[in-house]
Amino acid sequence: MTDRKSQGEGSGDVVAFLGPETSYTHQATLKAFPDHPLTPLPTISSVFEAIQSGTAARGVVPLENSTNGSVVTTLDLLADVKGKLQDIEICGEAFVKVEHALLGRWKGEQRGVKRGEEGSVKGEEAAPSADLSHIQTLYSHPQAWTQCTLFLDSLSSSLPHPIIKNDVSSTSYAAQLVAQDTTGTSAAVSSQMAAEKYGLDVLSSGIQDRQDNFTRFLILRNKKGGALEKNNCATALNASASTSATQAPRPKEHETSNTTIGKKSHKALLSLSPPATTSVNPSPSHLSKAPSLSPVLPLLASQNGKYGTEISNIQTRPAGTKPWDYVFLVELEVQSLTEANISEEGPKYLVEEGVVKGLEKNWEGAIRVLGVWRDGWRERE
Ligand SMILES: O=C(O)C(=O)C[C@]1(C(=O)O)C=C[C@@H](O)C=C1
C-alpha cells in the first residue's frame, strides 16, 4: 500500500474503514476502492461518525457473515435509535471470502502444516497439526470466534491448560497485539495478510469451519454530501477511479433510461420504528400494545408494483425507548430499478409511492430509507 492510500490526502475522497490495516474490512475496502486514499479507524462507530461529520467521503463496515450472521454493532448504528446518524446512507456493498489463520510465534524450530495439504488434518477434523502447547491467550474480533468453532474446540481440548479468549475490535488489531507480545504465548485469529504485515508466523491456516465463508460489507456515504458525495457510489468517487467492487459494467446507451439491468439486481434497506398499536393483537396481554409490522409488510413485498420488491431479510434491534419496543431493519430486493433511477427515484418510490401512501397517518416518519444500491454478490471474486 502506498503512503497516499494509507494516510489520505484531505477528506475529499478519503474512504474510512474498520482498521487497522489488513482487517477483513480493509480487504473489502481495497476491492471496492483500489485507487483512493484510505483511513483506518479503530471502531465501526467511528466509521459511521466520520461519514456523518463529513470527515470521510465513504465508509466501509461489516454487516453480516454467511456462517454466523449479523454484526449487531453495525445494525444498531443503522437503527440509529439516538438519532445522531441521520445523514448516513448505504450506497453499495462488497463481499470478501474470509479465510482465518491462527497467527503467533512458533515454539522452537517447528513449522506449521497447512490444513488441506499433504500430512495435514483434513475435512471436518480440525485438530491443530503443530505443537501449540505454548499458546495461552487468544485475541480476535468476536465475529471470528464462531466462524472457527471446530478448530478452537479441538485446540482447547488438546492443551493441558485453559485458554483465555480476548475480544478485540478487529482481527488485525488482534494480530498487532500478538506481534507486540514478547512472551510468544499469545495468538490471534486473523488473516494471512495480517501475518505478512505484522511479521507473525502462520501456526495454522484455513481454520474456519466452512470453506464458503463470506462477509458482506456496506459502503456508506453522507446523503447531504458535497459534489463528490452526490456521485453514485456505484460509479465510484470520482472520474479517476476506474473500477470498484460495487461497480458493474456501465449500462449500454439503450439501457440507461427505462430498461432493467437484471432481475433482483438492486437492494434496499429500510428502518421501521412502528407506532404502538392497541387493537392488532389483543392477547397475550403484554403484546397487546406491541408495535406491529403487519400493515407495512404487504406493501413492501409488492411483487406487482411499479418496481417489484421482495423482502429478503428482517432484523430486529431494541428501540432503546422501553422494553420490547423494536426497530426493524427490512432489506428488500428491488427487481426493476435502472441505473438512471437507482439513487433518486428508488428511495422516493419506496417511501412515497410504495409504502407511506398506503399507511395510516401514525406511520408517518416511522420509516427511513437507509439506501438503495446495486447487488454486489456477482462481483465478489
Ligand atoms: O475484524 C476484522 O478483520 C473485521 O473486518 C471485522 C469482521 C466482522 O465484524 O465481521 C469482518 C469479517 C470477519 O467476519 C470477522 C470480523
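For ligands, and for the atoms within them, numbers begin at 1 and follow the listed sequence. Residue indices begin at 1 and follow the sequence shown. These numbers come from a predicted model, not from an experiment.
- Polar contact check, Tyr24 against ligand 1: a nitrogen or oxygen pair lies under 3.5 Å apart.
- Nearest non-hydrogen protein atom to atom 2 (C) of ligand 1 is Thr171 OG1, 3.3 Å.
- The proximity of His26 to ligand 1, defined as any non-hydrogen pair under 4.0 Å, does not occur for either the backbone or the side chain.
- Using a 4.0 Å cut-off between charged nitrogen and carboxylate oxygen, Lys107 and Asp131 count as a salt-bridge pair.
- Taking 4.0 Å as the cut-off between side-chain N and carboxylate O, Asp80 and Arg368 count as a salt-bridged pair.
- Of the options Lys223, Lys224, Arg221, a salt bridge (Lys or Arg N to Asp or Glu O under 4.0 Å) to Asp87 is made by Lys224 and by none of the others.
- In this structure the side chain of Val327 reaches within 4.5 angstrom of the side chain of Val81, judged on heavy atoms.
- Those atoms of ligand 1 that come under 4.0 Å of a heavy atom in Ser170, given as number and element, are 1 (O), 2 (C).
- With salt bridges taken as basic N to acidic carboxylate O contacts below 4.0 Å, none links Glu333 and Lys267.
- Using a cut-off of 4.0 Å between Lys/Arg side-chain N and Asp/Glu carboxylate O, Glu93 and Lys31 are scored as not salt-bridged.
- Contact annotation: for Ser23 versus ligand 1, heavy atoms closer than 4.0 Å belong to both the backbone and the side chain.
- Atoms of ligand 1 found under 4.0 Å from any heavy atom of Pro62, numbered from 1 in the order shown, are 8 (C), 9 (O), 10 (O).
- The shortest contact between atom 4 (C) of ligand 1 and any protein heavy atom is with Thr25 OG1, 3.5 Å.
- Under a 4.0 Å criterion applied to the non-hydrogen atoms of Gln147, ligand 1 contributes the atoms 13 (C), 14 (O).
- Protein heavy atom in closest approach to atom 10 (O) of ligand 1: Gln143 CG, 3.2 Å.
- Thr215 OG1, 3.6 Å is the protein heavy atom nearest to atom 13 (C) of ligand 1.
- Each of the following atoms of ligand 1 lies closer than 4.0 Å to a heavy atom of Val71: 9 (O), 10 (O).
- Nearest non-hydrogen protein atom to atom 9 (O) of ligand 1 is His141 CE1, 3.1 Å.
- For His100 and Tyr24, the distance between ring centers is under 6.0 angstrom.
- The aromatic rings of His26 and Phe17 lie parallel to each other, with less than 30° between the two planes, well short of the 60° mark.
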